[in-house]
Amino acid sequence: NLLRCFTCDRLCGGCTAPAPPARQGIALQPVMPSCEPGPGPACLPTKTFRSYLPRCHRTYSCVHCRAHLAKHDELISKSFQGSHGRAYLFNSVVNVGCGPAEQRLLLTGLHSVADIFCESCKTTLGWKYEQAFETSQKYKEGKYIIEMSHMVKDNGWD
């Protein structure tokens, strides 16, 4: 079991971090004593995401690490095909990194796309449309595809 160690401010199973200094005359009392070295895992950094979406909105998150990815309001279409199955088209996303752009011949023609990945767990999620070469596909430029197998619905779905 990993617990938050208030001495080192990490999820801990065995560390020997010194206590942080008291601030403004207030002594900090750890909820649990400083972790002692033991058979548990080494201190692990806490998961933090670059962006958190408001809890009042229905959102999509990474199925692997639960990093927020997009608000439901940013969903454009549910009828897209990714490399490995169904995918959704979003106007904007958060907590994703973008790889280099490359030209790919997709079902709807030639596009310049860049793979996108979760910034937290580095899983490839889909791609970003950088450029569409056919006039009828220009609406996709700057939009994002995320495959359903990499998303989970969060906050307010019934």
Side-chain angles (χ1 to χ4, degrees), residues 1-15 17 20 31-32 35 39-158:
N1 267 345
L2 296 179
L3 301 172
R4 178 170 298 285
C5 173
F6 287 92
T7 303
C8 67
D9 196 31
R10 295 182 180 189
L11 292 178
C12 264
C15 75
V31 171
M32 61 181 273
C35 301
C43 283
L44 302 172
T46 58
K47 286 231 181 194
T48 56
F49 309 122
R50 290 189 317 176
S51 297
Y52 289 87
L53 298 172
R55 288 183 176 263
C56 60
H57 294 283
R58 293 184 295 173
T59 59
Y60 297 92
S61 299
C62 176
V63 73
H64 309 286
C65 71
R66 296 304 266 239
H68 293 174
L69 297 175
K71 291 192 298 187
H72 182 67
D73 297 344
E74 296 296 321
L75 178 65
I76 297 170
S77 175
K78 295 181 178 181
S79 60
F80 273 72
Q81 186 68 30
S83 300
H84 302 100
R86 289 185 52 210
Y88 287 0
L89 181 68
F90 290 94
N91 193 45
S92 67
V93 295
V94 297
N95 297 318
V96 299
C98 212
E102 62 184 31
Q103 290 186 0
R104 290 188 196 154
L105 185 58
L106 303 175
L107 294 173
T108 55
L110 185 64
H111 294 80
S112 176
V113 299
D115 285 337
I116 60 171
F117 56 89
C118 175
E119 280 284 355
S120 180
C121 67
K122 307 302 183 204
T123 300
T124 299
L125 302 169
W127 60 82
K128 177 183 180 184
Y129 286 101
E130 298 289 349
Q131 184 180 7
F133 295 101
E134 294 183 24
T135 310
S136 65
Q137 302 300 309
K138 292 284 186 186
Y139 75 96
K140 296 178 185 175
E141 291 181 348
K143 309 294 189 286
Y144 301 84
I145 287 286
I146 299 179
E147 294 182 354
M148 297 248 338
S149 61
H150 298 298
M151 286 189 300
V152 62
K153 294 177 179 179
D154 276 334
N155 297 335
W157 293 92
D158 291 334

Let me know which of V96, V152, V94 forms a side-chain contact (heavy atoms from CB on, under 4.5 Å) with L69.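 Output: one option passes, namely V96.
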Rounded at 0.5 Å granularity, tell me how far [atom1] in [X] sits from [atom2] in [Y].
X: D115; Y: K128; atom1: CG; atom2: NZ; result: 13.0 Å
X: Q81; Y: M148; atom1: CD; atom2: CE; result: 11.5 Å
X: N95; Y: C65; atom1: CG; atom2: SG; result: 8.0 Å
X: F80; Y: Y144; atom1: CZ; atom2: OH; result: 15.0 Å
X: Q131; Y: L110; atom1: CD; atom2: CG; result: 8.5 Å
X: S149; Y: L125; atom1: OG; atom2: CG; result: 9.0 Å

Aromatic ring pairing H150/H64, orientation class (parallel under 30°, perpendicular over 60°, tilted between):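 Geometry flag for H64 against H150: tilted rings.
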Ring-plane angle category for Y60 and F90, please: parallel below 30°, perpendicular beyond 60°, tilted otherwise.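 Geometry flag for F90 against Y60: perpendicular rings.
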Any side-chain heavy atom of [X] sitting closer than 4.5 Å to one from [Y]?
X: C121; Y: C62; answer: yes
X: V93; Y: E74; answer: no
X: Q103; Y: F133; answer: yes
X: K143; Y: S77; answer: no
X: I116; Y: I146; answer: yes
X: R58; Y: K153; answer: no
X: Q137; Y: Y129; answer: no
X: V113; Y: L106; answer: yes

How close do [X] and [Y] get, heavy atom to heavy atom, and via which atoms?
X: M151; Y: Y88; result: CE-CD2, 3.7 Å
X: A101; Y: E130; result: CB-CG, 4.0 Å
X: K138; Y: A132; result: NZ-O, 2.8 Å
X: W127; Y: S83; result: CZ3-OG, 3.5 Å

Does the H84 side chain pair with the main chain of G82, one donor and one acceptor, at a distance under 3.5 Å?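 It does not hold such a pair.
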